[in-house]
Amino acid sequence: MRRILLAAVPLVLAACSIDQSRLGHFVTQTVQPGMPMEQALVRMQAEGFYCNAGSGADAVISCTRTYERLVQKNCLERVDLVRSASSAKTVGAIDVLEVKCPK
């Protein structure tokens, strides 16, 4: 029984780790530059992100989502949607920021 518990510890710890590249891949599959900003916001919110659209004139819209972990405190996934320079109603770029976790 003890061996089973010792074997399970690495699996539990792995489930709590942050995979930054997985977040980046997920976001690029969800929203892309060139898509309408309104559609991008709807897609991000459907995936559990809170996006602070502000007054609607901001060049960058910050989106965050809580990443829940089993053992340690939760982390915050962060993505910035940047408006296109040619059209404020279009996504120009997507910045996937480093996941923030309390120490």
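Computation of the quantities below employed the complete heavy-atom set of this structure, encompassing side-chain atoms and omitting hydrogens, waters and symmetry-equivalent molecules. All values reported here derive from a predicted model rather than from experimental measurement.
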Taking Thr30's backbone N and O only, do any of them form a donor-acceptor pair with Arg43's side chain (distance below 3.5 Å, no angle check)? yes
So does Gln45 have more than 12 non-hydrogen atoms from other groups sitting under 6.0 Å from CD? yes
Which pair of non-hydrogen atoms, one from Ala93 and one from Pro33, has the smallest distance, and what is that distance? CA-CG, 4.4 Å
Nearest heavy-atom neighbours spanning Asn52 and Ile61: O-CG2, 3.5 Å
Out of the candidates Lys100, Arg78, Glu77, only one should pair with Thr64 under the side chain to side chain contact (heavy atoms under 4.5 Å, CB included) rule; please name it. Arg78
For residues Lys73 and Pro102, report the shortest heavy-atom separation together with the two atoms involved. CB-CG, 3.4 Å
Which atom of Leu81 lies closest to which atom of Ile94, heavy atoms considered: CD2-CG1, 4.1 Å
Going from CG on Asp95 to SG on Cys63, what distance comes out if it is rounded to the nearest 0.5 angstrom? 11.5 Å
From Ser62 atom OG to Phe49 atom CZ, the distance as rounded to the nearest 0.5 Å: 12.0 Å
Between Asp58 and Arg83 the two heavy atoms that sit nearest each other are O-NE, 2.6 Å
Could you go through the side-chain contact (heavy atoms from CB on, under 4.5 Å) check for Glu98 and Gln20 one step at a time? CA-CA 7 Å; Glu98 184 177 349; Gln20 188 74 34; 4.3 Å; yes
Cluster question for you: counting only ILVMFWY and a side-chain heavy-atom cut-off of under 4.5 Å, with indirect links fine, are Val96 and Val99 together? yes
Which heavy atom in Leu41 sits nearest to a heavy atom in Cys51, and how many Å separate them? CD2-CB, 3.7 Å
Shared hydrophobic cluster, Leu97 / Val60 (ILVMFWY, side-chain heavy atoms < 4.5 Å): no
Candidate list Gln32, Gln39, Glu38, Met37, test side chain to side chain contact (heavy atoms under 4.5 Å, CB included), partner Val91, passing option: Met37
Do you reckon Val82 sits in the same ILVMFWY cluster as Met44, going by side-chain contacts under 4.5 Å, direct or chained? no
